[in-house]
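Letters A, B, ... are given to chains in the order of the sequence lines, protein chains preceding strands, and every chain is numbered from 1.
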2 protein chains.
Amino acid sequence: MPDQEIIADIRQFNRFYTAQLGLLQQHIFDSEYSLTEVRALYEIHFNKQTTATGIREALHIDAGYLSRILRKLEKAGMVLKHPLPEDGRSSYLTLSDRGRRLMVKMGTLSDDQIRDMLSHLPPNDHQTIAASMRELRRLLGAPGSGITMEQVEIRSDIRPGDIGDIIALHGQLYAKEYGYDHRFEHYVMETIHDYMVHADPRRDRLWLATSLGRLVGVVAIQHREGRQAQLRWFLIRPEYRGIGLGKALMQQAMDFCRAQRFRKIYLLTTDQQSAAAALYKKWGFVKKESTPASLWGHDLYEERYELEL
Amino acid sequence: MPDQEIIADIRQFNRFYTAQLGLLQQHIFDSEYSLTEVRALYEIHFNKQTTATGIREALHIDAGYLSRILRKLEKAGMVLKHPLPEDGRSSYLTLSDRGRRLMVKMGTLSDDQIRDMLSHLPPNDHQTIAASMRELRRLLGAPGSGITMEQVEIRSDIRPGDIGDIIALHGQLYAKEYGYDHRFEHYVMETIHDYMVHADPRRDRLWLATSLGRLVGVVAIQHREGRQAQLRWFLIRPEYRGIGLGKALMQQAMDFCRAQRFRKIYLLTTDQQSAAAALYKKWGFVKKESTPASLWGHDLYEERYELEL
DNA sequence: TGCCGTTATTTGCTTCCGTCAACTAAACTA
DNA sequence: TAGTTTAGTTGACGGAAGCAAATAACGGCA
């Protein structure tokens, strides 16, 4: 049973955004096509092979109405019909060159409108606005809003807020996924503190994966005695797992270790992080030690993995 | 010049949300009023004293069209006109009892629709969806979306992620507002570490102000030798300043200090935090020391404020 | 005070968006 | 092969929504 307050928020947003969209779609009134016609054009543009029924379902409009729209667009030379070989009733719909040019023009107008809207808002907020919209689209289950590597940026310069974010990410995720208590976050804080105090830019490095300005993944290499290196704080937000981010981060760390001529990499984990363990093994890490311990409110085995380079 | 990618995100969201709103507003098609008529009713409902022009501007519709809508609604007994004494041309518009009943009915239908939509989405996301929508409304400058104390919750239990968030907030804000470099964030981390290690629930406490699940403000009291207390990490996100949050946090800290019978409270700051200093003074703190120092990439004066209880 | 430009609202006219229902034709089903 | 379902077309219609001209009240000004 959703909270009444949540519903109120959504309703308020809907009312607000109805007005907003009305403003942003005014440019369409200047064109010779109605909003629905333009929406149909968009639909044809973005779906490579779609039929009238496909569009009808996407736009939720009357079949007769759509039929007329398509006739008009076809007559105007914007849309081409390609009869389906396997079904004489339907046709694939595509845009003609002219239709594509129209889309570009409408896109430009729409962009101008949005640019104009943004110009009245603080520039600092632009990125946040886009991020919130993406987030909403994803949360509401919009098709094509899935998370991909393209949105993710990996960097290794440490900026203000990064350290705290890394600590918070560990605290949150390990609490949610393994039920570790606050002592774990505290432990992470201590290890990061240690890292920062002894950091040597040539032998230590930390990579941050961010998406829409938010921290979504981390890994670091910390130098140790005897040309050894420790791999630390390897962590990825659950939504961003399975898209190759783990591999990308690990690759960065490995490349760095090879370039710095480390002799051996080791890492410490527990038997509970089985998914991570699988990944370590894939990169050639081998479990060398496993000692029982009672940590952060759990009885577990501390494990040490090693990889000779 | 806004980034092209931001505009693309916004356009994509607009297209998506146009469809979404279409779905959510279908219940209106069952009623005997059009979407615009219902929007007018809403506008009358929520604005206590508005005239036709007010509504026209809010909905961005033609004056003639609105005139007809109002006549229809008045004839149906939904809307009442109260002639303005000072302007014979206009009238205040209000809803009749019947109009209000209609709004309740429409509201219920709309709620059901949203509830239905939410039921197809993971329950964990509901809160996040509402938060994103609020955020967007605020960012896009929706009227009535301003930040108020009502949305802010103050708590003093430390949850996973809190510690990291506090550190990150300090790092980000002090970098942005005073240009402090990463050493400041590091320093905050050390002090929090010290706090956590020596924390005694009876004599130490930390308050977090959150809004929509995000950390927006902090303050803490740490016990010291001789029944003294140190006030630490007093910080509020700039958007949340000026709404009384500083006062609320400070009040919590003061109440705690009095209840615990501390003899004296002191705090350390610099001459650069002039806004905070003004607040401290208002609460009776007095500057006792001011020593030049070179910290976090700046030449400044470290200051010590004290308050005898 | 009366004249004039401005503003708020109304009315007449028109367009065309979007729905309903009946229809055609092709595809499936038994 | 007849009956049913599905994809798309067409005719008829209501009403949403804009434009322009009209009306009426206001405000300023000589």
Side-chain angles (χ1 to χ4, degrees), chain A residues 18-19 21-23 25-44 47 49-76 79-94, chain B residues 18-19 21-23 25-44 47 49-76 79-94:
Chain A
T18 300
L21 281 173
L23 286 179
Q25 283 161 353
Q26 273 177 358
H27 72 96
I28 290 176
F29 295 143
D30 296 338
S31 89
E32 55 188 317
Y33 296 101
S34 75
L35 173 58
T36 315
E37 283 163 343
V38 174
R39 288 181 67 204
L41 281 168
Y42 266 111
E43 208 58 37
I44 296 170
N47 294 288
Q49 289 204 327
T50 189
T51 68
T53 309
I55 297 176
R56 229 201 58 234
E57 279 165 4
L59 304 186
H60 295 93
I61 59 173
D62 179 78
Y65 180 30
L66 178 61
S67 174
R68 253 179 280 270
I69 288 176
L70 290 178
R71 183 154 40 126
K72 177 178 171 188
L73 293 176
E74 201 188 356
K75 212 186 233 168
V79 167
L80 302 174
K81 283 190 179 178
H82 312 277
L84 282 189
E86 68 272 22
D87 190 333
R89 296 169 302 176
S90 310
S91 301
Y92 283 138
L93 300 165
T94 58
Chain B
T18 300
L21 282 173
L23 286 179
Q25 283 161 351
Q26 272 178 358
H27 72 96
I28 291 176
F29 295 143
D30 296 340
S31 90
E32 56 188 316
Y33 296 102
S34 75
L35 173 58
T36 315
E37 284 162 343
V38 174
R39 289 180 65 203
L41 281 168
Y42 265 111
E43 208 57 38
I44 296 171
N47 294 288
Q49 290 204 326
T50 189
T51 68
T53 308
I55 298 177
R56 230 203 57 234
E57 279 166 3
L59 304 187
H60 294 94
I61 58 173
D62 179 77
Y65 180 31
L66 177 61
S67 174
R68 254 178 279 269
I69 288 176
L70 290 178
R71 183 154 39 131
K72 178 179 171 188
L73 293 175
E74 200 188 358
K75 212 186 234 167
V79 168
L80 302 173
K81 283 191 180 178
H82 312 277
L84 282 189
E86 68 271 23
D87 188 336
R89 297 169 300 177
S90 310
S91 302
Y92 282 139
L93 299 165
T94 59

All side-chain hydrogen bond (donor to acceptor under 3.5 Å, both in side chains) counterparts of [X], not counting sequence neighbours:
X     : answer
B/K81 : none
B/T51 : none
A/Q25 : B/T18

Would you call [X] and [Y] a side-chain contact if the rule is heavy atoms closer than 4.5 Å?
X     : Y     : value
A/H60 : B/L23 : yes
A/I69 : A/L73 : yes
B/I61 : B/I55 : no

Rounded to whole angstroms, how far apart are [atom1] on [X] and [atom2] on [N]?
X     : N      : atom1 : atom2 : answer
A/E86 : C/dA25 : CD    : P     : 21 Å
B/L73 : D/dA16 : CG    : P     : 11 Å
A/L66 : D/dT9  : CG    : C1'   : 11 Å
A/E74 : D/dG8  : CD    : P     : 13 Å
B/D62 : C/dA8  : CG    : P     : 14 Å
B/I69 : C/dT9  : CD1   : C1'   : 14 Å
A/Q25 : C/dC17 : CD    : C1'   : 15 Å
B/L70 : C/dT11 : CG    : C1'   : 14 Å

Protein-nucleic acid N or O pairs under 3.5 Å, nucleotides 12-14 of chain D:
unit_1 : atom_1 : unit_2 : atom_2 : d
D/dA12 : N6     : A/R68  : NH2    : 3.4

Assert: residue with more 5' nearest nucleotide on DNA chain D, out of B/G64 and B/L84, is B/G64

Which atom of B/P83 lies closest to which atom of B/S91, heavy atoms considered: CA-OG, 3.7 Å

Contact summary for A/T50 and A/E43, nearest pair of heavy atoms: CG2-O, 4.5 Å

Each nucleotide N or O in nucleotides 5-7 of chain D that has a protein N or O under 3.5 Å away: list the pair and distance.
unit_1 : atom_1 : unit_2 : atom_2 : d
D/dT6  : O2     : A/R89  : NH1    : 2.3
D/dA7  : O3'    : A/S90  : OG     : 2.7

Distance check: side-chain N/O of A/K72 vs OP1/OP2 of D/dT9, anything under 4.0 Å? no

Quick one: label A/E32 by what it contacts on the DNA or RNA (base, sugar-phosphate, nothing), any heavy atom closer than 4.0 Å. nothing

Using a heavy-atom cut-off of under 4.0 Å over every strand shown, decide if A/G88 touches base, sugar-phosphate, or nothing. sugar-phosphate

Quick one: list whatever passes side-chain contact (heavy atoms from CB on, under 4.5 Å) with B/L80, sequence neighbours left out. B/H82, B/T94, B/S96

